[in-house]
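This report concerns only the one structure given below.
Both counts, for ligands and for their atoms, begin at 1 and track the order of listing.
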Amino acid sequence: MTNLVEKVKLPVIYDAVCAEYHRAGHPERPQRVLSSYEKLRTQKEFEVEWLVPTLAQDETLLLAHSREHIERLRMATGDFDADTPAYARIDDHARLSAGAAVLALETALKNGTAFSMMRPPGHHATPNEAMGFCYLSNAAIAALLGRSKGFNQVALFDFDVHHGNGTEAVIKDCANIIFASTHQSPCYPGTGLQDSGTNCFNYPIPPQTPPAEYRKFITSAVNRLKSHNPDLLVVSAGFDAYKGDPIAQESLELLDFFWIGQMVKSFNIPTVHLLEGGYSDDLCHLIHAYFLGFLGCSEPTGIREN
Ligand SMILES: [Zn+2]
């Protein structure tokens, strides 16, 4: 008899062109997305609908950034800082990643959810500054665009191990948007030590916090956001609180990311997921585990190749 059980489907926004820039030794490297693409393409637990993004236009970027910043990115010649090079065509790469966030939002409004698996990440980019591997504030752009579509309360949840300082700088004190970040402290960029403005809730977490303790911070952040009754969720999905991550010192394991996926699902509202950090070779497995949790699939049995 034919198995009529339909697999759940995840729309994923991806274009391999985002793997076409790199600098030797830089942790934000093409292999991050290439191996994640391969993992999602070959796994059997859920269906993936692949969608290709288009470049975000000035009008969209101006939601979050100054015209000066947009011009500087367009004309980029010298590196923005030691972590954030002026790669060839970085303006196009950053715009494509921002455009993917916009497409993820539009897709989530139709289908309930979508994941942008593009680089560069965005949550450190402030209105006027590219920093920390980030050039454009993708999550803030998605949230502001979501708000303009008539949502009453847009929640931004950032579980990357680094504070989402750029997102916070863009949306601080914005009406109808709330932001919560769980992050290692002390750690780059050194911000997010306490709540900020009327709508930014920060959960600094000491290095090497055991996973069971780390989960309590995430639970608190999620509950704080839920208490504001959001009707749209934008997630800055960073996977660098993993025990094997080379640039941070936290201890989360594969199953913790599965659990985070379940926590995000528990909002039960349209949800946009945007890839931020995650620099270990296991990133592809962590992303997969997170979506197994989010989509209500069985938990992963461990890190294994397909
Ligand atoms: Zn990070």
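Rounding to the nearest 0.5 Å gives a distance of 12.0 Å between NE2 of His163 and OH of Tyr188.
For CZ of Arg89, the number of neighbouring non-hydrogen atoms (other residues, nucleotides, ligands) closer than 6.0 Å is 12 at most.
Distances from the Zn ion (ligand 1) to the N/O/S atoms of Asp160 are shortest for OD1. Looking at Asp240, its N, O or S atom nearest to the Zn ion (ligand 1) turns out to be OD2. Restricting His162 to its N/O/S atoms, the shortest distance to the Zn ion (ligand 1) is reached by ND1.
Screening residues 12-23 for side-chain hydrogen bond (donor to acceptor under 3.5 Å, both in side chains), with sequence neighbours left out, gives Tyr21-Glu28, Arg23-Asp79.
Inclusion of His183 in the first shell of the Zn ion (ligand 1) is not supported: no N, O or S atom falls under 2.8 Å.
With sequence neighbours left out, the salt bridge (Lys or Arg N to Asp or Glu O under 4.0 Å) criterion links Asp83 to no other residue.
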